[in-house]
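Okay, so here's the structure we're looking at.
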There are 2 protein chains.
Amino acid sequence: MKLPASVQIKEVGPRDGLQNEEKIVAVQDKVQWINALSQTGLTYIEVSSFVHPKWIPALADAADVFHRIRRKPGVMYTALVPNQRGLERALAADVDEVNIFLSASETHSQKNINKSISEALQTVKEVTTQSLIVGKKVRGYVSTVFGCPYEGRVELSAVERLCEELLASGVYEISLGDTIGVANPMQVESVLTHLLKHFPASAFAMHFHNTYGMALSNILTSLQAGITVFDSSCGGLGGCPYAPGASGNVATNDVVHMLHQMGIKTNINENKLFEASRFIADTLQIKLPSQVYQAGKPKTISR
Amino acid sequence: MKLPASVQIKEVGPRDGLQNEEKIVAVQDKVQWINALSQTGLTYIEVSSFVHPKWIPALADAADVFHRIRRKPGVMYTALVPNQRGLERALAADVDEVNIFLSASETHSQKNINKSISEALQTVKEVTTQSLIVGKKVRGYVSTVFGCPYEGRVELSAVERLCEELLASGVYEISLGDTIGVANPMQVESVLTHLLKHFPASAFAMHFHNTYGMALSNILTSLQAGITVFDSSCGGLGGCPYAPGASGNVATNDVVHMLHQMGIKTNINENKLFEASRFIADTLQIKLPSQVYQAGKPKTISR
């Protein structure tokens with residue numbers, strides 16, 4: 001089994017997790033949670049989203065959260081930015097980098113942001129150019145890469161074309177999203193084999209949801225394909241709007257634990273991650289989906 | 001990715017699942033559940049255990065359950081048998097085959113059955129010989145293969161020696177058990193690479209628990225090593241006595257779904273499995289750990 005020596009985890013819980021939770025978390029609790037996440041060894045935290053507050057009320061306090069968090073040197077604090085207006089708010093909040101997003105499925109794009117893919121791409125390119133001009137790196141999400149809740153199958157050629165456009169416009173990394181958690185390891189291998197003929201592995205991160213329990217298997221497959229950056233959510237926070245009751249993002253705890261057990265470095269302290277998870281579980285008063293969290297404080301089991 | 005065309009699932013929920021649940025299920029409910037499982041396409045159901053009722057009160061009704069289930073032709077109805085007395089009860093109940101068990105860890109063996117490994121092996125050999133004489137096939141479980149709750153690391157040489165002894169005594173298949181769910185994919189690859197130098201892949205099944213969320217990843221790795229038989233539990237029923245709150249056996253639902261999504265045949269109908277899971281969830285009034293079950297009735301998502 002060929003695996004990388006180290007992996008970077010990009011924590012998306014405060015954004016992708018919270019936007020899918022029923023309860024809205026108070027600003028001071030978000031701040032305390034993000035400060036706790038900053039102490040775990042994570043080097044990248046997606047703090048919030050600057051989409052219009054009416055679309056995602058749970059993240060309407062993005063500017064306030066950015067203003068109040070204690071930034072730890074060496075940690076990138078980033079946000080989702082949908083358009084020009086969002087970029088202005090994000091820059092005013094002094095985000096460390098800008099995350100743009102696009103869907104690989106026409107119907108999902110229409111339903112999600114009320115734009116066609118090509119309209120969305122136009123906006124994304126403008127946001128990217130402006131971000132780069134002011135010295136902010138840009139990361140891109142491509143969603144529904146492995147399946148769309150409306151269309152089912154998504155054409156790999158559409159994904160490839162979007163990757164080309166995004167990289168050409170200056171996006172430094174593309175996070176390939178399994179928005180509804182339907183990807184399976186064989187499909188992940190097939191998609192990555194195709195894309196890595198055209199682009200370097202370092203151009204990609206993987207963003208898996210654990211809806212059907214396959215997220216860690218998909219990560220394992222991605223590692224073997226050479227991917228070394230993964231998005232995940234503290235405790236497995238978040239749900240799936242298309243499958244009520246289902247899990248959300250793969251849990252940072254579970255990813256980090258599997259990586260560490262296989263000798264792959266992440267720089268993340270599992271005990272501190274457990275404490276940060278407990279804080280948000282207590283705040284939301286929910287049972288987090290993370291298996292590692294549910295199993296209790298991590299113990300070192302020698303083998 | 002080299003994967004088998006088909007896989008056999010051995011359903012252990014009625015035994016390994018129920019023995020780890022807090023509530024005791026009434027005989028008529030067990031019977032109704034096992035009858036429902038028989039209709040899913042499963043070809044192997046471990047119905048109960050003939051250990052002394054004082055050790056596992058939840059399965060004290062083994063004989064009664066065997067007597068009352070409706071046996072479907074083509075399905076094997078089996079039970080765990082610890083010793084001579086258990087074998088007599090199992091044969092009286094007309095089990096289709098006999099499942100014996102051993103631990104690869106000395107301390108776990110002592111704490112679990114109050115016998116050293118060599119004492120346990122002696123008993124197992126006697127039970128195996130007697131079973132074969134009366135025409136019953138014998139399957140063996142070796143537990144704590146990937147880690148012991150007391151000793152931590154388990155020597156692979158001890159596992160190898162037990163496999164040799166069991167196969168020589170006439171056991172047709174050994175289920176390698178990750179009793180506490182600590183195995184990781186790299187370790188699974190390493191253990192199987194070692195064992196498959198000495199024994200054929202057809203001599204093994206894998207028995208994973210999902211304590212830390214790695215069960216499906218471990219199954220994926222085992223598939224690539226050539227293993228085609230897996231133990232799992234309907235809905236993910238069962239817990240872990242060493243990690244309260246943690247998941248138990250990997251869920252049949254999740255295993256079957258992943259296999260089907262990768263084009264691997266199991267003969268199991270996911271909708272019928274969903275219904276059987278719902279029955280036992282309602283009976284026990286618990287939330288089953290299976291991600292696929294939680295996501296709701298399986299839909300076919302074309303890709």
Side-chain angles (χ1 to χ4, degrees), chain A residues 1 3 146-149 151-154 180-190 210-221 223-224 236 240 243-247 250-251 253-255 257-264 287 289-296 298-303, chain B residues 1 3 146-149 151-154 180-190 210-221 223-224 236 240 243-247 250-251 253-255 257-264 287 289-296 298-303:
Chain A
M1 196 177 287
L3 297 170
F146 299 91
C148 165
E151 296 184 14
R153 188 185 167 82
V154 170
I180 52 172
V182 294
N184 71 68
M186 209 172 196
Q187 186 191 15
V188 169
E189 186 190 60
S190 143
N210 201 35
T211 319
Y212 300 97
M214 288 183 278
L216 287 185
S217 303
N218 291 332
I219 288 174
L220 179 67
T221 303
L223 288 167
Q224 293 176 274
C240 180
S247 290
V250 64
N253 319 51
D254 298 359
V255 180
H257 186 72
M258 182 174 82
L259 293 172
H260 287 181
Q261 292 299 109
M262 298 198 298
I264 299 171
K287 182 181 176 186
S290 163
Q291 298 287 343
V292 169
Y293 178 76
Q294 285 176 31
K299 290 165 278 294
T300 304
I301 296 173
S302 58
R303 306 238 165 67
Chain B
M1 194 177 288
L3 297 171
F146 299 90
C148 165
E151 297 183 15
R153 188 184 166 83
V154 170
I180 52 174
V182 293
N184 70 68
M186 209 171 198
Q187 185 190 17
V188 168
E189 187 190 59
S190 143
N210 201 34
T211 320
Y212 299 96
M214 289 183 277
L216 286 186
S217 303
N218 291 332
I219 288 173
L220 180 66
T221 303
L223 288 167
Q224 292 175 276
C240 178
S247 289
V250 65
N253 318 51
D254 298 0
V255 179
H257 186 72
M258 181 174 83
L259 293 171
H260 287 181
Q261 292 299 106
M262 299 198 297
I264 299 171
K287 183 180 176 187
S290 164
Q291 299 287 343
V292 169
Y293 178 76
Q294 286 176 30
K299 291 166 276 295
T300 303
I301 296 173
S302 58
R303 308 240 162 65

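Within every chain, numbering begins at 1; the chains are lettered A, B, ... in the order of the sequence lines, protein sequences first and strands thereafter.
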Atom group of A:Thr221 that falls short of 4.5 Å from chain B, counting heavy atoms:
side chain
What part of A:Leu3 gets within 4.5 angstrom of chain B, counting heavy atoms only: side chain, backbone, both, or neither?
side chain
For the student: nearest non-hydrogen atoms of A:Thr211 and B:Ala295, plus distance
O-CB, 3.8 Å
Test item: A:Met1 and B:Gln224 side chains (from C-beta on) under 4.5 Å apart, heavy atoms
no
Ignoring hydrogens and angles, tell me if any N or O in the side chain of B:Asn184 forms a donor-acceptor pair with the backbone of A:Gln261 under 3.5 Å.
yes
Min side-chain heavy-atom separation A:Met214-B:His257 under 4.5 Å:
yes
At a 4.5 Å cut-off on heavy atoms, which part of A:Asn253 comes close to chain B: side chain, backbone, both, or neither?
neither
Any side-chain heavy-atom pair of B:Met258 and A:Met186 under 4.5 Å
no
Quick one, B:Pro289 and A:Gln294 - any side-chain contact, counting heavy atoms below 4.5 Å?
no
Scanning both residues in full, the closest heavy-atom pair of A:Ser247 with B:Gln291 reads OG-OE1, 2.5 Å
Heavy-atom proximity to chain B below 4.5 Å, by part of A:Leu220:
side chain
Identified side chain to side chain contact (heavy atoms under 4.5 Å, CB included) partner of A:Tyr212 from the options B:Val292, B:Asp254, B:Leu216
B:Val292
Gap separating the OG atom of A:Ser217 from the CE atom of B:Met262, nearest 0.5 angstrom
7.5 Å
